[in-house]
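Read through the structure below, which is laid out as structure tokens, and then see the notes.
These values consider heavy atoms only, across backbone and side chains, with no hydrogens, waters or symmetry-generated copies. Residue indices begin at 1 and follow the sequence shown.
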Amino acid sequence: MYSNGPVFKAETTMSFRDQPYAGQLPQGLWTTGLCDCHEDPQICFQTAVLPCITFGQNSEIVSRGTIPWSNSSSIHMVLSLVGCCCIYGFPNRTRLREHLSLPEEPCRDCLLHIFCTHCALCQESRELKNRGADPSIGWQANIEKWSEEKITPPIVVPGMSR
């Protein structure tokens with residue numbers, strides 16, 4: 001279902017600060033830090049109030065539309081009521097990191113989602129935006145946006161299968 005290849009590949013060559021889906025993104029590095037929530041106040045506020053929405057939006061992009069944001073959000077919300085939404089959240093971060101070849105920093109994904117859930121969700125959302133996807137509009141709308149803007153859609157590198 002998931003591949004280890006990059007999620008997004010752009011055709012342009014500008015820096016990500018000038019063009020969110022530009023080609024000169026730091027390879028193998030996060031484009032923002034874990035505590036850089038101030039870079040996107042809207043996502044920071046949304047995550048502070050309803051982290052399940054941010055999680056669901058991120059999850060839909062990372063899963064390439066196979067899991068609707070509403071399903072992921074609902075599961076995340078129910079699990080948060082019993083205090084274990086981190087169990088559902090950290091595998092999503094791991095998939096995002098694998099797709100983009102990002103390091104597991106500043107610590108393991110599970111620890112980030114246990115102790116810094118809100119910051120981790122915000123960072124993941126900013127990363128997706130910086131790589132050319134807008135989690136708030138969903139997978140299908142991103143595909144349409146990339147087609148209109150002539151941006152190369154996400155690349156899926158087939159993995160080994162048995």
Side-chain angles (χ1 to χ4, degrees), residues 6-65 67-77 79-80 85-86 88-146 148-149 151-154:
V7 177
F8 311 104
K9 180 180 179 187
E11 295 174 343
T12 61
T13 59
M14 303 169 80
S15 89
F16 75 90
R17 296 197 192 282
D18 298 327
Q19 186 73 244
Y21 28 80
Q24 292 187 9
L25 293 170
Q27 293 298 315
L29 298 174
W30 291 90
T31 58
T32 65
L34 180 65
C35 298
D36 289 341
C37 296
H38 64 279
E39 289 184 8
D40 193 337
Q42 179 182 351
I43 203 68
C44 182
F45 179 75
Q46 174 184 301
T47 305
V49 176
L50 289 168
C52 57
I53 300 296
T54 303
F55 175 80
Q57 291 173 342
N58 293 349
S59 181
E60 182 174 347
I61 302 300
V62 172
S63 71
R64 293 170 165 69
I67 303 169
W69 76 268
S70 56
N71 293 2
S72 295
S73 291
S74 299
I75 293 169
H76 193 272
M77 183 173 59
L79 290 174
S80 69
C85 61
C86 56
Y88 186 57
F90 87 85
N92 200 56
R93 183 179 179 90
T94 301
R95 280 191 296 274
L96 173 68
R97 280 190 323 89
E98 289 172 352
H99 287 314
L100 300 174
S101 300
L102 298 172
E104 189 173 30
E105 61 181 29
C107 59
R108 299 185 62 86
D109 297 336
C110 60
L111 294 176
L112 281 177
H113 271 271
I114 290 171
F115 297 110
C116 303
T117 301
H118 293 79
C119 292
L121 290 173
C122 286
Q123 182 187 33
E124 294 159 19
S125 186
R126 287 191 313 274
E127 193 66 32
L128 288 168
K129 281 185 176 182
N130 289 343
R131 304 271 177 178
D134 183 355
S136 67
I137 64 173
W139 177 252
Q140 191 58 42
N142 274 293
I143 294 288
E144 292 167 7
K145 179 182 85 169
W146 295 323
E148 290 172 9
E149 297 176 359
I151 302 296
T152 305

Practice item. Kindly state each residue pair satisfying ring-ring contact (aromatic ring centres under 6.0 Å, His included) with at least one member in residues 36-65, sequence neighbours excluded. Key: Phe55-His76, Phe55-Tyr88
Practice item. Please confirm whether the backbone N or O of Trp139 pairs with a side-chain atom of Glu60, one donor and one acceptor, at under 3.5 Å? Key: yes
Point to revise | His113 side chain to Glu124 side chain, donor-acceptor N/O pair below 3.5 angstrom | key: yes
Practice item. Determine yes or no for a side-chain-to-main-chain donor-acceptor pair under 3.5 angstrom, with Trp146 supplying the side chain and Ala133 the backbone. Key: no
**Study point:** Distance (rounded to the nearest 0.5 Å) between Asn58 CG and Ser125 OG
**Key:** 4.5 Å
Practice item. Only pairs at least two apart or in different chains count here, so list each salt bridge (charged side-chain N to carboxylate O under 4.0 Å, His left out) that has a residue in residues 40-58. Key: Asp40-Lys129
Exercise for review: Check for a donor-acceptor pair, side chain of Gln123 on one end and backbone N or O of Thr32 on the other, with a separation under 3.5 Å.
Suggested key: yes
Review point. Is Asp36 paired with Arg126 through a side-chain N to carboxylate O contact shorter than 4.0 Å?
Key: no
Check your understanding: Could you go step by step and tell me if Ile53 and Thr47 meet the side chain to side chain contact (heavy atoms under 4.5 Å, CB included) rule?
Key -> CA-CA 7 Å; Ile53 300 296; Thr47 305; over 6 Å; no
Review point. Roughly how far, to the nearest 0.5 Å, is the OG1 atom of Thr117 from the CZ atom of Arg93?
Key: 10.5 Å
Study note, to complete from the structure: Minimal heavy-atom distance between Ala48 and Pro51, with the atoms involved, is O-CD, 4.5 Å
**Study point:** Residue pair Ile67 / Ser72: nearest heavy atoms and the distance that separates them
**Key:** CG2-OG, 3.1 Å
Point to revise | Spacing of CG belonging to Leu111 relative to SG belonging to Cys86, to within rounding of 0.5 Å | key: 9.5 Å
Review point. Does a donor on one side chain and an acceptor on the other come within less than 3.5 Å for Glu127 and Thr31?
Key: yes
Exercise for review: Would you give the length of the straight line joining atom CD of Gln57 to atom OG of Ser70, rounded to the nearest 0.5 angstrom?
Suggested key: 11.0 Å
Check your understanding: Is a donor on one side and an acceptor on the other found under 3.5 Å between the side chain of Ser80 and the backbone of Met77?
Key -> yes
Practice item. Any chance you could lay out the side chain to side chain contact (heavy atoms under 4.5 Å, CB included) test for Asp109 and Arg97, step after step, and finish with the verdict? Key: CA-CA 9 Å; Asp109 297 336; Arg97 280 190 323 89; 2.9 Å; yes
Practice item. Take Ile137 and Asn142 through the test side chain to side chain contact (heavy atoms under 4.5 Å, CB included) and record every step on the way to the result. Key: CA-CA 7 Å; Ile137 64 173; Asn142 274 293; 3.6 Å; yes
Study note, to complete from the structure: Sequence neighbours excluded, the answer for side chain to side chain contact (heavy atoms under 4.5 Å, CB included) partners of Cys35 is none
Check your understanding: If you measure from the Lys or Arg side-chain nitrogens to the Asp or Glu carboxylate oxygens, is any gap between Lys145 and Glu149 under 4.0 Å?
Key -> no
Review point. Minimum heavy-atom separation for Cys44 to Cys122, with atom names?
Key: CA-SG, 3.8 Å
Exercise for review: Would you please test His99 and Arg64 for side chain to side chain donor-acceptor pair (under 3.5 Å) and show each step?
Suggested key: CA-CA 11 Å; His99 287 314; Arg64 293 170 165 69; 3.2 Å; yes
Check your understanding: Between atom CD of Glu104 and atom OG1 of Thr94, what is the distance when rounded to the nearest 0.5 Å?
Key -> 6.0 Å
Check your understanding: Hey, does Ile43 have a side-chain heavy atom less than 4.5 Å from the side chain of Gln46?
Key -> yes
Check your understanding: Out of Asn92, Leu112, Thr54, which residue meets the side chain to side chain contact (heavy atoms under 4.5 Å, CB included) rule with Leu121?
Key -> Thr54
Review point. Any idea which heavy atoms bring Leu96 and Leu128 closest together, and the distance?
Key: CD1-CD2, 3.6 Å
